[in-house]
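Structure, as structure tokens:
Residues: numbered from 1 along the sequence shown. On a predicted model such as this, the values are computed, not experimentally measured, just so you know.
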Amino acid sequence: MAASANKDQVMRGATQPVVSLSHVTLRYGDGPSVVTALDDVTLDVAPGERVCVLGANGSGKSTLASVICGLLAPDEGAVTLVGEDVFGPDGVDFEAYQRARRQLGLVFQNPDDQIVTSIVEEDVAFGPENLCLEPEEIGTRVARELARVAMTDYARSNPSNLSGGQKQRVAIAGALAMEPRVLVLDEPGALLDVRGRRGIMRVMAELRGLGTTIVHITHFMDEALAADRVVVMDHGRVALDGTPQEVFAHGERLAGLGLEVPFTAQLAGALRARGVDVPWTCDEAVLRAALASNSPLGPVPHGESPLGTGPNGESTAVHVERVSYSYRDADSRKALDNVSFDVAAGTSVAIVGQTGSGKSTLVRMLCALEVPDQGRIVVDGLDTKSRKERRKLHGKVGYVMQHPERQLFAETVLEDVAYGPRNLGLSPDEVQKRCAHALSLVGLTGKEEASPFQLSGGQQRLCAIAGVFAMEPGILVLDEPTAGLDPRGRAQLERILEDIHDHDVTTIRVTHSMDDAAKAQQVIVLSQSKPLMAGTPHEVFCEANSQILHDAGLGLPEPLRWAISLGLDTAPLTIEQLVEDLVTIRATSRAKEVG
């Protein structure tokens with residue numbers, strides 16, 4: 001699938017492309033620090049086409065999105081957007097850009113970069129107002145789009161008091177209210193729960209049916225299956241371009257690019273490696289039928305998968321007792337309502353819940369950045385209600401916020417990572433040692449003298465995390481640490497967290513990934529600011545709880561969801577265990593046939 005062939009691939013009869021990039025090159029910086037973000041990119045998108053763009057962090061995806069939306073002009077090449085020749089041999093045509101932007105919509109990767117007002121409905125109205133629409137039409141669009149993203153109840157709220165996922169929904173509503181011909185979404189589901197991501201996928205399908213052209217950038221490989229076409233970027237170039245099945249057939253090449261194939265393809269590949277004859281497919285139903293044809297599925301003879309281990313520490317690292325907290329805004333909404341739990345020292349904990357359930361507020365309280373209205377929180381034996389004791393927690397609790405890259409400020413990576421250890425009063429040698437270890441952990445050795453602001457988005461995330469690691473806290477709190485990271489980055493961070501946990505560090509993380517939560521020793525589920533359930537992964541993620549979790553906007557780990565769908569009596573939480581169960585069933589069935 002040569003990139004140069006994509007023009008013929010997307011043209012529908014004589015229809016002209018709604019987006020056309022020809023030999024586009026775009027660079028950031030100059031001199032020795034120049035970065036080529038797009039390198040000779042030629043790409044056409046047909047009207048009404050749904051294109052999914054994949055690529056590792058730093059591959060050029062977000063820059064491509066900005067060019068398609070008319071926010072960035074390239075250095076070389078030609079760009080035509082919605083029939084307007086905005087850039088060519090004569091350079092930028094500003095009037096053409098102005099006309100084109102009225103028909104282009106963009107949802108940024110970080111909603112804080114897009115929200116501009118202090119009231120949700122006014123923010124959604126901002127774009128239509130700039131289009132000079134009649135007030136009645138603006139009101140109709142705002143109401144419609146807030147309902148579409150399930151944010152009607154928050155119309156009068158202050159966006160600054162919303163969760164990251166809720167802000168993302170507001171940003172999406174604002175983009176949709178402009179009714180663009182071309183809508184570009186840059187990682188729209190990174191901060192959303194399972195229900196939110198499904199909702200965005202439904203919205204994209206609905207808009208696709210209405211003829212809207214969609215360019216969707218994502219790190220969720222399964223989301224790409226719904227696209228008409230998948231484009232894979234690598235170091236600013238188009239590496240692969242074709243249908244989802246064509247692109248995901250290149251599993252080894254994708255792995256080399258820091259990506260992965262969807263779960264169905266991973267499962268089929270793992271089964272083929274164990275001698276089960278199943279086809280590669282993007283269709284779950286087809287794969288299920290193929291598996292069923294090998295043998296009747298049923299109970300695994302060796303019994304159910306073992307239960308996960310529970311808290312392994314003897315002392316209590318965190319004690320949360322009947323905690324409640326309300327936002328000080330017009331709604332006076334409760335962010336947390338009567339939440340209680342304990343975390344044993346050395347335990348890995350996952351906190352899950354739908355967008356706006358109070359997860360981020362809770363972890364800020366665990367770090368003593370907020371104080372409960374009611375109840376108490378004791379961290380490492382220190383009650384956070386006491387200002388004196390809160391100060392003692394500095395250095396003991398490490399906090400990786402939802403967008404840790406926003407913590408970056410120094411001229412070099414090394415200076416940024418060293419800031420925390422230096423503030424602890426450590427010797428220069430100890431600071432140097434810790435910084436070297438932290439940078440090695442996150443894979444940024446050799447970047448010490450680079451500016452953190454010239455790193456890719458994923459590298460900035462890892463740089464900020466390294467600064468927290470360098471303080472060597474006994475308790476590490478992370479709020480969606482893998483959001484926005486490519487599959488390679490997520491896998492790398494998971495290995496880092498496993499290594500840190502092996503050194504008896506208590507780790508508490510907020511995540512929207514049920515598969516990541518299944519790797520923890522303790523899972524705490526919040527729903528609408530209240531505790532819903534808690535326990536080991538096997539206690540929380542089980543068939544009996546599947547409907548409760550679904551109603552709370554969550555789901556099950558993919559291996560367990562598949563096991564239930566296939567009628568297995570086991571409860572696998574990893575793909576390895578699911579494959580083992582299926583292979584065992586097949587082998588047992590064949591042995592009975594022979595016997």
Glu223-Thr218 side chain donor-acceptor pair, cut-off 3.5 Å: yes

Test item: side-chain donor near acceptor, Thr25 and Asp75, under 3.5 Å: no

Under 3.5 Å donor-acceptor, Arg101 side chain and Gly70 backbone: yes

Derivation of the ring-ring contact (aromatic ring centres under 6.0 Å, His included) call for Phe409 and Tyr419: CA-CA 10 Å; Phe409 66 93; Tyr419 179 78; 5.0 Å; yes

Electrostatic pair Glu558-Arg561, nearest N-O below 4.0 angstrom: yes

Under 3.5 Å: donor-acceptor pair, side chain of Gln114, backbone of Pro111: no

Any side-chain donor near an acceptor of the partner, Ser360 and Asp479, under 3.5 Å: yes

Distance-only donor-acceptor check, side chains Tyr28 and Thr63, under 3.5 Å: yes

Asp515 and Ser513: CA distance, side-chain angles, deciding distance, side chain to side chain donor-acceptor pair (under 3.5 Å) verdict: CA-CA 5 Å; Asp515 293 284; Ser513 168; 4.6 Å; no

Candidates Leu133, Leu131, Val124 - the one meeting side-chain contact (heavy atoms from CB on, under 4.5 Å) with Ile138: Leu133

Identified salt bridge (charged side-chain N to carboxylate O under 4.0 Å, His left out) counterpart of Arg141 within the set Glu129, Glu179, Glu134: Glu179

Lys167 and Asp112 ion-paired at < 4.0 Å: yes

Thr80 and Asp85 side chains, donor-acceptor separation under 3.5 Å: yes

NZ/NE/NH1/NH2 to OD/OE distance under 4.0 Å, Arg208 and Glu49: no

Qualifying residue, where the test is side chain to side chain donor-acceptor pair (under 3.5 Å) with Asp39 and the options are His23, Arg27, Arg237: Arg237

Stepwise salt bridge (Lys or Arg N to Asp or Glu O under 4.0 Å) test for Glu260 and Arg490: CA-CA 11 Å; Glu260 61 188 3; Arg490 291 199 299 268; 3.4 Å; yes

Ion pair check, Arg229 and Asp241, cut-off under 4.0 Å: yes

